[in-house]
Amino acid sequence: KAIKVQYYNNPMWPGEAHSLKVEKILYQGKSPYQEVLVFESSTYGKVLVLDGIVQLTDKDECAYQEMITHLPLCSIPSPKKVLVIGGGDGGVLREISRHNSVESIDICEIDQLVIDICKDFFPHLSVGFEDPRVQLHVGDAVEFLRNAPEGTYDAIIVDSSDPIGPAQELVEKPFFETIARALRPGGVLCNQAESMWLHTHLIQDMLSICRETFKGSVRYAWTSVPTYPSGVIGFLLCAKEGPPVNFLTPINPIEEVEGATKAGREIRFYNSEMHRAAFVLPTFAKRELEAY
Ligand SMILES: NCCCN[C@H]1CC[C@H](N)CC1
């Protein structure tokens, strides 16, 4: 039987739906924040679904986790203190831990159930929690950032679900202001920024807010994730005013990071050419996004 991860009635993706054939339901439950579903698909491995929206699959999670992590971390010379907002599956943590310059990794995830489920069903993602540099904070990111000392982080990665439900406030100006405050001068933010095919108005709003808030370079990048609506997802790269950051060419190329490729945990998607390519936009997107 096929599970239609229904989007028809979801205002984010009106008029479209995606189907994956279900071999076996592995977990179904509800946290105080969202419904959680894990199933074995026929062709994408295991799939994590939150409130009916595909979050990741074994087959293509590498594209998202690697790009959202290495686009910012390879854009600054030597990232030391990193913060992850969301990311409870552990995949971004796994990717950050490839950087030997990193000394501490804070993660603020609101939903303990997501962390627990991913430890059971997605060990190749939750392995990220095993890194001794990781400090887990279960709670609301806005609260966490309010208490973070000013100018703490070299990089902040917002690995959020979509801005409907618990992640709604993660695309609003006050949130970006707390991020900017927590970054050191020249520090960088990378957040999930939806699809250029479907959400250019939301992206334009975020670009305007970020240009005002960070005052350093702000760029939109994108990558291919077959199981996300429209098959692509974007990222917003923002640099806080201070030492200039050029996102387009990795100053800290992953190929030169000692030990980045760990035996048994190879990088499957990201490389320095994919980094450069991610910022190359089709004409309609240049027109709609670069003016902002
Ligand atoms: N770390 C898992 C990915 C979470 N990111 C989102 C999943 C849902 C998508 N529509 C947008 C990205």
Side-chain angles (χ1 to χ4, degrees), residues 5-14 16-18 20 31 33-38 44-72 82-97 105 107-111 113-119 121-129 134 136 141 156-168 170-171 190-199 202-203 206 220-236 268-270 278:
V5 271
Q6 291 288 1
Y7 301 135
Y8 286 134
N9 51 10
N10 186 317
M12 284 289 290
W13 305 283
E16 62 182 294
H18 296 256
L20 287 173
S31 79
Y33 303 98
Q34 52 210 338
E35 283 180 21
V36 179
L37 166 69
V38 180
Y44 282 89
K46 288 194 286 301
V47 183
L48 173 65
V49 184
L50 298 180
D51 283 346
I53 301 168
V54 168
Q55 299 296 305
L56 61 96
T57 80
D58 285 336
K59 187 182 186 70
D60 64 4
E61 56 88 6
C62 58
Y64 179 89
Q65 321 283 3
E66 292 176 18
M67 292 295 273
I68 201 171
T69 302
H70 303 306
L71 286 176
V82 183
L83 167 63
V84 181
I85 305 290
D89 49 72
V92 169
L93 297 176
R94 175 194 71 202
E95 293 307 315
I96 296 170
S97 69
I105 309 168
I107 174 168
C108 182
E109 163 61 57
I110 199 163
D111 196 340
L113 181 61
V114 170
I115 298 170
D116 298 341
I117 291 306
C118 291
K119 284 186 176 158
F121 296 103
F122 298 95
H124 57 292
L125 284 115
S126 63
V127 63
F129 281 101
V134 172
L136 169 62
I156 298 178
I157 295 168
V158 181
D159 172 19
S160 61
S161 46
D162 300 286
I164 36 173
Q168 167 63 43
L170 305 188
V171 295
C190 181
N191 65 280
Q192 185 268 109
E194 301 298 351
S195 164
M196 60 185 170
W197 283 109
L198 306 174
H199 298 119
L202 172 62
I203 300 166
M206 285 202 285
Y220 183 82
W222 63 286
T223 197
S224 144
V225 183
T227 54
Y228 285 171
S230 79
V232 297
I233 193 80
F235 306 101
L236 215 51
R268 289 192 286 155
F269 190 92
Y270 178 89

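Residues take their numbers from the sequence shown, with the count starting at 1. Just follow the structure's listing: the first ligand is 1, and inside any ligand the first atom is 1.
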- Message: Test of understanding: with salt bridge (charged side-chain N to carboxylate O under 4.0 Å, His left out), list the residues that count as partners of Glu95, not counting sequence neighbours.
- Response: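 For Glu95, the residues satisfying salt bridge (charged side-chain N to carboxylate O under 4.0 Å, His left out) (neighbours in sequence not counted) are Arg98.
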
- Query: Residues two or more places apart in sequence or in another chain: which of them pass salt bridge (charged side-chain N to carboxylate O under 4.0 Å, His left out) with Asp58?
  - Reply: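 Testing Asp58 for salt bridge (charged side-chain N to carboxylate O under 4.0 Å, His left out), a comparison that skips the adjacent residues, returns Lys46.
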
Between the protein and ligand 1, are there any N or O atom pairs that come within less than 3.5 Å of each other, and if so, what are their names and distances?
from	atom 1	to	atom 2	distance (Å)
ligand 1	1 (N)	Asp89	OD2	2.7
ligand 1	1 (N)	Asp159	OD1	3.1
ligand 1	1 (N)	Asp159	OD2	2.7
ligand 1	5 (N)	Tyr64	OH	3.1
ligand 1	5 (N)	Ser160	O	3.1
ligand 1	10 (N)	Asp162	OD1	3.1
ligand 1	10 (N)	Asp162	OD2	2.7

- Results of side chain to side chain contact (heavy atoms under 4.5 Å, CB included) for Ser224 - residues two or more places apart only: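 With sequence neighbours excluded, Ser224 shows a side chain to side chain contact (heavy atoms under 4.5 Å, CB included) to Pro226, given in chain and number order.
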
- Item | Under 3.5 Å: donor-acceptor pair, side chain of Glu16, backbone of Pro14 |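 Pair absent, no side-chain N/O of Glu16 close to backbone of Pro14.
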
- Item | Check: Asp111/Gln34 side-chain N/O donor and acceptor closer than 3.5 Å |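 Present: a donor and an acceptor within the cut-off.
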
- Message: If only side-chain N and O atoms count, and only distance matters, is there a donor-acceptor pair under 3.5 Å linking Tyr33 with Asp51?
- Response: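 Their side chains do not contain a donor-acceptor pair, so the 3.5 Å distance test is not met.
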
